[in-house]
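Labels below follow one simple rule: chain letters A, B, ... track the order of the sequence lines, proteins then strands, and each chain is numbered from 1.
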Amino acid sequence: MESGAIDVESIPGPVDLSTTLESGQTFLWCRLDGETYSQPVRSGESRWYRTVHHRDVVDVRQTDSALEWRSTTDAVPILEERLRLGDDLDRVLATMPSEPVLQEAVRRFPGLRLVDEPFFPTLVSFILSAQMHVKRIHGLVSVLRREYGNPIPVPDGCRGAGGDETAYAFPDPQTLAEASEEALRDLGTGYRAPYVVESATMVANDAVPPDTIRELPYEEARDRLTEFVGVGDKVADCVLLFSLGAMEPVPLDTWIRSAIAEHFPSADRGSYGETSAAIRERLGPNPGYAQTYVFHYLRSQ
DNA sequence: ACCCAGGATGTAA
DNA sequence: TTACATCATGGG
C-alpha cells in the first residue's frame, strides 16, 4: 500500500479528472461512490476513481491542488501515462481554431485530457460501443471485468471511500477468446458477442501487433486495425486515439457527424476517409483533442 | 409505439 | 466504389 499526490502545479496546463474519465474515452475506471459513468460532475468535487493496472489497484481523486492517489504500487508513472499528464494542455488549447463551438467547449471544460489506455481493453470497449450509449458501454465493460477478469484483492488502505474488497482486472485476450458467444450475449453484448470472441482470438494470436501499428502512418494504422472483426474506420480511430498514442484521429460518430453538418458542412465529403481528412484540416494541429472537446461538449448539452 | 445510441458487416447494384 | 438491410438491447 502506497500513496501520494501529484501537485497540479507540476502538470503543464489544467487537469479535470472527472471529465477526463467520464467523457466516454475510457471505460476502464469505476467511481467508488457506486455510480456508473454519468454526466459531468461539478468541478471541485472530489471523487475517488479506481482501475486495475496489470495486477495493481490504482485509486485517484482530484483535490484543489493535487491528484491524490493510493495504490498497491507507485501510481505516478501509471497516472502520467494513462491521463497524458505530460501533454502541455495550455499549448494545445492555445492552438484550437476560433470556431465558436470549439472555443465554447474549451471554455466549459478546461482540463479535459485525452487518455492513453491499454490496447486490448480499449479495443474490446469500442467494439462493444457500436450503437450503444456511453453509460451502457461502461456497464458492459464492468460486467466483463467482473465475470471474466482476474480478481485483485484491495488492500485495507484503499477501502476508506466505500470501495469493494475485490477489484477486477480487464480479462486477458485468451480468456475472452475462450468465452462462449452465448454467455457474452447473455451479458447484454447482443450482436457484438462474436466480434469480441473473434477479435480477442486475433489479439491472443498477435495477428495484428499493436506495437507494429504504433509505428505506422496514421491512415495506414487505421486500415490495419479494421482487420479486427467488429472494427470499422470509426472504432479504429477510437483505438488509435485513446490507446495507441495517435493525435490525428477524429472518430466520426453520430455526434461528430452532426457537428460537421452544423458547423463544418463543407467538410462532409461522403466517404469516411475523405470526410475525416477534411475535418482534420479544419480542427487545427491537434484534431484528436479538438474532437474530444466537441464530442463531450455536445453530449453534455 | 417509435427513435436513438462514440457502427459494422454482408450483399447488391 | 456506394447504397441498403440487418444486427441486440436498453432508455428516452
Using the heavy-atom set of chain A and a strict 4.0 Å cut-off, write down the first and last nucleotide of DNA chain C that makes it in, 5' to 3'. C:dT2 to C:dG10
Could you check A:Asp87, A:Asp88, A:Leu85 and say which one makes a side chain to side chain contact (heavy atoms under 4.5 Å, CB included) with A:Ile11? A:Leu85
To the nearest Å, give me how far apart CZ (A:Arg136) and P (B:dA5) are. 14 Å
Examine A:Leu187 and A:Val197 and state if one hydrophobic cluster contains both, with Ile, Leu, Val, Met, Phe, Trp and Tyr joined whenever side-chain heavy atoms are less than 4.5 Å apart. yes
Testing A:Asp237, A:Val250, A:Leu298 one by one against A:Ile256 for a side chain to side chain contact (heavy atoms under 4.5 Å, CB included), which residue passes? A:Val250
Could you tell me whether A:Gln291 contacts a base, only the sugar-phosphate backbone, or nothing, with contacts defined as non-hydrogen atoms closer than 4.0 Å? base
Donor-acceptor under 3.5 Å (A:Asp16 side chain, A:Thr19 main chain): yes
State whether the number of non-hydrogen atoms from other residues, nucleotides or ligands found under 6.0 Å of A:Glu178 atom CD is greater than 12. yes
Between A:Glu182 and A:Arg185, does any NZ, NE, NH1 or NH2 come within less than 4.0 Å of an OD or OE carboxylate oxygen? no
Without decimals, in angstroms, what is the distance between A:Ile260 CD1 and B:dG6 C1'? 13 Å
Identify whether any heavy atom of A:Ile256 sits under 4.0 Å from a base atom; if not, whether one sits that close to sugar-phosphate; answer base, sugar-phosphate or nothing. base
Rounded at 0.5 Å granularity, tell me how far CD in A:Gln103 sits from CG in A:Leu93. 9.0 Å
Provide, to the nearest angstrom, the distance between the NE2 atom belonging to A:His133 and the P atom belonging to B:dA5. 7 Å
Between A:Tyr148 and A:Tyr168, is the ring centroid distance below 6.0 Å? no
Dot-bracket pairing map - DNA chain C, Watson-Crick plus G-U, both contacts under 3.5 Å, | cross-strand: |||||||.|||.
OP1 or OP2 of B:dA5 versus the side-chain N and O atoms of A:Thr254: is any pair under 4.0 Å? yes
Please report the closest heavy-atom contact between A:Thr72 and A:Glu2, naming both atoms and the distance. O-OE2, 4.4 Å
Separation between the P atoms of C:dT6 and B:dG6, rounded to whole Å: 24 Å
Reading 5' to 3' through nucleotides 8-13 of chain B, protein heavy-atom contacts under 4.0 Å coded B for base, S for sugar-phosphate only, - for none: SS----
Determine the contact category for A:Arg185: base if any of its heavy atoms lies under 4.0 Å from a base atom, sugar-phosphate if only primed atoms, P, OP1 or OP2 are that close, otherwise nothing. sugar-phosphate
Expressed in angstrom and rounded to an integer, what is the separation of A:Trp255 atom CH2 from B:dA5 atom P? 7 Å
When rounded to the nearest Å, what value does the distance between P atoms of B:dT11 and C:dA8 take? 15 Å
Enclosure of A:Arg91 CZ (heavy-atom neighbours >12, cutoff 6.0 Å): no
Euclidean distance, atom CE of residue A:Met132 to atom C1' of B:dA5 [Å, nearest integer]: 9 Å
Let me confirm one number: the CZ-CZ distance from A:Phe170 to A:Phe120, rounded to the nearest 0.5 Å. 5.5 Å
